[in-house]
Engineer: 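Here you go, one structure.
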Amino acid sequence: LGMFSELKFPVPWGHVAAKAWGPSEGHPVLCLHGWLDNANTFDKLIPLLPRGCYYVAMDFSGHGLSSHRPAGCPYHFLDYVTDVRRVAAALQWRRFTLMGHSMGGAVAGMFCFLYPEMVDKLILLESLGFLLAPEDTEAWLKSKRRVIDRLLSLEAKQQTPKARSPEAALQRLLEANSHLTAEGGAILLQRGATETPAG
């Protein structure tokens, strides 16, 4: 298991990088590094682990060889969980093992909590995983999972914006906002519409 391959998964701000060991048809294991680390944190460990698994160690956004988020965008904890969801989707993994070190363990724990049907085992290295007060569990679970799922489905169907005539654009704006007058809509469009080569 000394040999590894480099992987790259496209995301809206660039790509998420990862390295992989073992046979791609083997049991999938996603490895998550700790705070300010990167995928190389697993270099010495993976060769000691059972063969026959496919180990993928990803670099969280802004770490290792992954793209940084755009300037001015903070790195929220839940965004790391979303990174994991993106990588699982890109690999087309329905069910896999998660191994997380330190902060990566907390991300892995939160992912398990949100997507229990996707995780068969959780391996935590120097980490407690993710703990919530019992009374917050249900509401937190529903809202966070909805946020991630909605974001990814929006990105999946992202098309080039349609070009409309100024009249059609105004019509569309008024249909979507019944409280607007035609005059109010026209004022907003002066600054809210962009001219493209297509119109």
Engineer: Verify the neighbour count for atom CD of E117: are there more than 12 heavy atoms of other residues, nucleotides or ligands below 6.0 Å?
Structural biologist: yes
Engineer: Report the C-alpha separation of R145 and E138 in whole Å, then their side-chain angles, then the decisive distance to 0.1 Å, and conclude whether the salt bridge (charged side-chain N to carboxylate O under 4.0 Å, His left out) test is met.
Structural biologist: CA-CA 11 Å; R145 185 165 167 152; E138 205 48 48; over 6 Å; no
Engineer: Tell me every residue that passes ring-ring contact (aromatic ring centres under 6.0 Å, His included) with F42, counting only those two or more places apart in sequence or in another chain.
Structural biologist: none
Engineer: Return the orientation label for the Y80 and H63 ring planes: parallel under 30°, perpendicular over 60°, tilted otherwise.
Structural biologist: perpendicular
Engineer: Got a sec, which residues hit ring-ring contact (aromatic ring centres under 6.0 Å, His included) with W140, two or more places apart in sequence or on another chain?
Structural biologist: F113, F130
Engineer: At what distance, to the nearest 0.5 angstrom, does CD of E25 lie from SG of C53?
Structural biologist: 11.5 Å
Engineer: Sorted by first residue and then second, give each salt bridge (charged side-chain N to carboxylate O under 4.0 Å, His left out) pair with at least one member in residues 63-88; sequence neighbours left out.
Structural biologist: R69-D83, R86-E155
Engineer: Is it true that atom CD of E195 has more than 12 heavy atoms of other residues, nucleotides or ligands lying nearer than 6.0 Å?
Structural biologist: no
Engineer: NZ of K142 to NZ of K144: how many Å apart, nearest 0.5 Å?
Structural biologist: 13.0 Å
Engineer: Below 4.5 Å, heavy atoms only, C-beta onward: do H101 and D37 meet side chain to side chain?
Structural biologist: yes
Engineer: Taking atom types as modelled and ignoring hydrogens, do the side chains of T97 and H27 form a donor-acceptor contact shorter than 3.5 angstrom?
Structural biologist: yes
Engineer: I'd like to know whether the aromatic ring centres of F9 and H15 sit less than 6.0 Å apart in this structure.
Structural biologist: no
Engineer: Is there a side chain to side chain contact (heavy atoms under 4.5 Å, CB included) between F77 and V107? Walk through the geometry before answering.
Structural biologist: CA-CA 7 Å; F77 201 81; V107 173; 3.7 Å; yes
Engineer: Side chains of F60 and V84, heavy atoms from C-beta outward: is any pair under 4.5 Å?
Structural biologist: yes
Engineer: Ignoring hydrogens and geometry beyond distance, is a side-chain donor-acceptor pair present between E167 and S165 at under 3.5 Å?
Structural biologist: yes
Engineer: Could you tell me which non-hydrogen atom of L189 sits nearest to which non-hydrogen atom of A169, and how far apart they are?
Structural biologist: CD1-C, 3.8 Å
Engineer: How many angstroms lie between NZ in K19 and SG in C31, if you round to the nearest 0.5 Å?
Structural biologist: 11.0 Å
